[in-house]
Amino acid sequence: MSGLDIPDTVDAAEVTSWSDEFDVVVIGFGIAGGSAAVSAADAGARVLVLERAAEAGGTTSMAGGHFYLGGGTAVQQATGHEDSAEEMYKYLVAVSREPEHDKIRAYCEGSVEHFNWLERLGFRFERSYYPGKVVVPPGTEGLSYTGNEKVWPFCEQAKPAPRGHSVPVPGELGGAAMVIDLLVKRADELGVQVRYETGATNLVVDAGKVVGVAWKHFNETGAIKAKAVIIAAGGFVMNPDMVAKYTPKISEKPFVLGNTYDDGLGIRLGVSAGGVAKHMDQAFMTAPVYPPEILLTGIIVNKLGQRFVAEDSYHSRTSAFVMEQPDSAAFLIVDEAHLQNPEVPLVPLIDGWETVEEMEKALGIPEGNLVATLNRYNENAAKGHDPDFHKQSEYVAAQDKGPWGAFDLSLGKAMYSAFTLGGLATSVDAQVLREDDSVVPGLYAAGACASKLVQDGKGYSSGTQLGEGSFFGRRAGAHAARS
Ligand SMILES: Cc1cc2nc3c(=O)[nH]c(=O)nc-3n(C[C@H](O)[C@H](O)[C@H](O)COP(=O)(O)OP(=O)(O)OC[C@H]3O[C@@H](n4cnc5c(N)ncnc54)[C@H](O)[C@@H]3O)c2cc1C
């Protein structure tokens with residue numbers, strides 16, 4: 001058996017007895033499934049969630065807790081950051097490799113309401129802003145920049161605003177578990193049934209329409225009849241066969257970000273009923289070198305000694321460009337005046353050298369290339385600009401006071417972490433779509449198993465996964481309940 005296998009569908013005519021009957025069955029209780037279940041129940045549907053693990057949370061419970069929201073949220077307003085749905089829309093369209101305009105529009109126009117809905121679950125984003133360039137704010141600050149809003153060319157395409165809203169839990173791990181606990185509580189209040197240690201195994205179909213789910217609980221099996229099924233079963237970073245086929249760089253050495261059940265079964269279930277998966281070759285892979293942001297005054301070069309990205313890019317954008325370089329190798333070069341240790345040691349310092357020529361040789365860069373690149377950068381930096389990559393002037397500084405140090409951003413040397421971004425094509429209401437864009441009746445998908453608004457690491461903004469997982473999870477639940 002291969003991890004690429006598409007499960008068979010079960011013909012409804014062959015189901016001799018249904019174990020249960022519900023209006024809406026949700027597969028998986030992470031941020032997307034929990035939001036879908038609560039919304040469907042809120043709209044009056046009888047809802048059952050099947051959860052393969054012994055408790056709710058999935059990968060969501062590991063997440064730091066950024067939600068990408070904007071358009072004038074209470075935190076943006078309280079901290080004096082002007083934003084509008086239109087500017088947010090322009091930004092997300094600009095960073096998306098294949099923008100789905102209707103979904104981006106709905107997400108941006110619904111963002112303030114979604115922020116309010118999240119807070120109504122029972123927590124409050126702190127009305128505070130962290131101004132520095134960070135991966136996650138150091139404390140409980142509610143707002144920071146988590147994307148490329150201030151990075152060229154996007155800063156010219158949409159008015160920059162910080163949109164990374166963090167739950168009030170410090171640190172990089174586990175903050176979003178708080179939201180899962182609140183969703184579990186809300187689902188319980190609304191009468192949602194949850195069956196743990198019960199995995200969906202197949203979809204039940206009747207003349208092309210999804211009408212139920214087959215399940216397994218240890219040795220017991222059965223089939224549940226449903227008017228609608230919402231797949232919210234996570235991504236595929238834990239499926240070695242799918243990773244090898246679609247995102248092979250992830251198998252090279254990164255630390256994978258996911259839970260055991262991120263095996264792509266949700267995506268494969270959707271495909272079994274006629275859905276199509278998109279952007280399966282795209283992944284978020286990152287090894288942030290900052291903070292401290294002073295390191296971004298340096299230059300990042302490939303093994304030929306050439307620059308290839310504005311160094312002030314969001315970390316996942318820089319990393320995505322590194323992956324495209326020869327051997328996915330890259331070095332960050334800084335002089336003594338700007339060299340500090342990264343606060344999180346993911347990118348190792350290789351060594352220091354008295355001259356650029358010595359450094360070039362030691363790094364195996366063809367003779368003269370690094371010297372020429374650094375000279376050009378320094379000449380422009382002396383004039384306060386970077387005409388080659390348009391790095392913002394606050395990060396432009398000549399690197400001319402030796403000795404020089406080099407950090408290794410190469411895949412296999414730096415510690416990259418990764419998750420997958422591809423998933424089932426969906427409509428603005430999270431209905432699963434076929435290759436020809438027609439809807440698979442009765443079937444929805446949201447979260448990591450669905451296609452994303454921003455489908456690659458170059459455009460990725462932290463918080464879009466939790467943001468759109470919950471947003472489109474809600475739309476799936478509400479639409480499924482109506483139908
Ligand atoms: C360390 C870390 C930090 C992160 N930080 C952020 C962040 O700050 N902001 C952000 O936006 N994103 C972040 N992410 C990414 C984000 O956490 C995920 O993309 C998101 O949580 C996925 O949510 P989901 O609901 O789609 O899937 P999950 O939360 O994984 O939920 C899916 C659920 O489905 C269940 N399941 C799977 N298969 C079946 C089946 N066959 N039957 C029944 N149940 C099944 C699983 O057990 C799981 O509980 C982070 C990820 C990690 C690992």
Side-chain angles (χ1 to χ4, degrees), residues 7 25-37 48-69 135-137 144 146-147 163-167 169 171-177 179-180 183-184 194-203 213-217 224 229-239 254-270 272 283-284 286 316 417-421 423-424 430 445-450 452-454 460-473 476:
V25 173
V26 180
I27 303 175
F29 201 132
I31 190 78
S35 302
L48 171 71
V49 184
L50 297 180
E51 171 50 61
R52 201 162 156 193
E55 60 179 1
T59 298
T60 306
S61 54
M62 302 174 197
H66 286 311
F67 285 79
Y68 193 83
L69 302 164
V135 179
V136 288
S144 60
T146 59
R163 303 195 180 97
H165 289 69
S166 306
V167 298
V169 180
E172 285 188 49
L173 289 174
V179 185
I180 290 292
L183 280 170
V184 169
V194 187
R195 285 194 199 143
Y196 291 104
E197 297 177 315
T198 307
T201 54
N202 309 78
L203 294 175
V213 182
W215 55 266
K216 186 167 193 292
H217 171 74
I224 301 163
V229 174
I230 301 173
I231 307 175
F236 66 88
V237 77
M238 291 296 183
N239 180 324
F255 174 74
V256 287
L257 296 175
N259 81 88
T260 319
Y261 297 132
D262 276 326
D263 63 358
L265 180 54
I267 297 173
R268 290 178 286 129
L269 284 170
S272 76
F284 166 90
T286 197
S316 72
S417 44
F419 52 76
T420 58
L421 291 173
L424 294 164
C449 61
K452 312 296 173 304
L453 298 181
V454 176
Y460 187 80
S461 302
S462 288
T464 49
Q465 302 288 303
L466 295 178
E468 61 180 292
S470 50
F471 183 84
F472 288 105

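Positions are given from 1 along the sequence. Remember, it's 1-based here, ligands and their atoms both numbered in the order they're listed.
- The contact set between ligand 1 and G447, taken as ligand atoms under 4.0 Å from a residue heavy atom, comprises 26 (O).
- For the pair M62 and ligand 1, the shortest N or O to N or O distance does not fall below 3.5 Å.
- Below 3.5 Å of separation, one finds no N or O of A446 facing any N or O of ligand 1.
- Residue N259 approaches ligand 1 through these ligand atoms, each under 4.0 Å from one of its heavy atoms: 30 (O).
- Distance alone, capped at 3.5 Å, places no donor-acceptor pair between the T198 side chain and the H217 backbone.
- For atom 27 (O) of ligand 1, the nearest non-hydrogen atom of the protein is G234 CA, 3.7 Å.
- Taking 4.5 Å as the limit, every side-chain heavy atom of V25 sits out of range of all side-chain heavy atoms of I230.
- T420 places a side-chain N or O within donor-acceptor distance of the main-chain N or O of F236, the cut-off being under 3.5 Å.
- Side chains of N202 and V213 form no contact here, defined as non-hydrogen atoms less than 4.5 Å apart.
- Contacts between A232 and ligand 1 below 4.0 angstrom, taking non-hydrogen atoms only, involve the backbone exclusively.
- Among all protein heavy atoms, the one lying closest to atom 3 (C) of ligand 1 is A63 CA, 3.4 Å.
- Not close to ligand 1: D263, with no non-hydrogen atom less than 4.0 angstrom away.
- T464 places none of its side-chain heavy atoms less than 4.5 Å from the side chain of K452.
- Of the protein's non-hydrogen atoms, L173 CD2, 3.3 Å is the one closest to atom 1 (C) of ligand 1.
- The contact set between ligand 1 and G199, taken as ligand atoms under 4.0 Å from a residue heavy atom, comprises 42 (N), 43 (C).
- The NE2 atom of H66 sits 10.5 Å away from atom OG of S461, with the distance rounded to the nearest 0.5 Å.
- With hydrogens and angles ignored, the 3.5 Å screen pairs a side-chain donor or acceptor of T146 with a backbone N or O of S462.
- Applying the ring-ring contact (aromatic ring centres under 6.0 Å, His included) rule to H165 yields the partners F115, F125; only residues at least two apart in sequence or on another chain are considered.
- Counting heavy atoms closer than 4.0 Å to ligand 1, residue T198 contributes backbone atoms (N, CA, C, O) but none from C-beta onward.
- Annotation for ligand 1: atoms under 4.0 Å from non-hydrogen atoms of A32 are 25 (O).
- Remark: ligand 1 atoms within the under-4.0 Å shell around heavy atoms of G463 are 9 (N), 10 (C), 11 (O).
- The protein non-hydrogen atom at the shortest distance from atom 7 (C) of ligand 1 is H66 N, 3.7 Å.
- Residue-ligand proximity: G57 is placed with a non-hydrogen atom under 4.0 Å from ligand 1.
- Ligand 1 has a nitrogen or oxygen under 3.5 angstrom from a nitrogen or oxygen of T60.
- At a 4.0 Å cut-off, at least one heavy atom of G65 sits close enough to ligand 1 to count as contact.
- Among protein heavy atoms, atom 12 (N) of ligand 1 sits closest to Q465 CB, 3.4 Å.
- In summary, the atoms of ligand 1 found under 4.0 Å from a heavy atom of G58, numbered by their order in the structure, are 29 (O), 30 (O), 48 (C), 49 (O).
- In this structure, CD1 on I267 lies 9.0 Å from CG on N239, to the nearest 0.5 angstrom.
- Two residues are said to be in side-chain contact when any heavy atoms from C-beta on lie closer than 4.5 Å; S417 and T286 meet this criterion.
- The environment of E55 atom CD is sparse: at most 12 non-hydrogen atoms of other residues, nucleotides or ligands sit within 6.0 angstrom.
- For ligand 1, the polar-atom distance check against A200 finds a nitrogen or oxygen pair separated by under 3.5 Å.
- Here T464 has backbone heavy atoms under 4.0 Å from ligand 1, and that is the only part of it that gets that close.
- The N/O atoms of L466, backbone and side chain alike, include one that comes under 3.5 Å of an N/O atom in ligand 1.
- Separating the CG atom in L265 from the CD1 atom in I27 is a distance of 8.0 Å, to the nearest 0.5 Å.
- Counting the atoms of ligand 1 from 1 in the order shown, those under 4.0 Å from a heavy atom of L265 are 41 (N).
- A donor-acceptor pair is defined here as one N or O able to donate and one able to accept, closer than 3.5 Å; such a pair exists between the side chain of R268 and the backbone of D263.
- Taking atom 5 (N) of ligand 1 as the reference point, the nearest protein heavy-atom neighbour is G64 N, 3.2 Å.
- At distances below 3.5 Å, at least one donor-acceptor pair connects side-chain atoms of T60 with backbone N or O atoms of I31.
- Atom 38 (N) of ligand 1 has its closest protein heavy atom at R52 NH1, 3.0 Å.
- Residue-environment remark: OH (Y196) exceeds the threshold of 12 foreign heavy atoms within 6.0 Å.
- Residue S462 has no nitrogen or oxygen atom sitting less than 3.5 Å from a nitrogen or oxygen atom of ligand 1, judged on distance alone.
- Close contacts between ligand 1 and I27 involve ligand atoms 40 (C), 42 (N), 43 (C) [criterion: under 4.0 Å to a heavy atom].
- With sequence neighbours excluded, the residues satisfying ring-ring contact (aromatic ring centres under 6.0 Å, His included) with F284 are F419, Y460.
- Scanning the protein heavy atoms around atom 52 (C) of ligand 1, the nearest turns out to be L257 CB, 4.1 Å.
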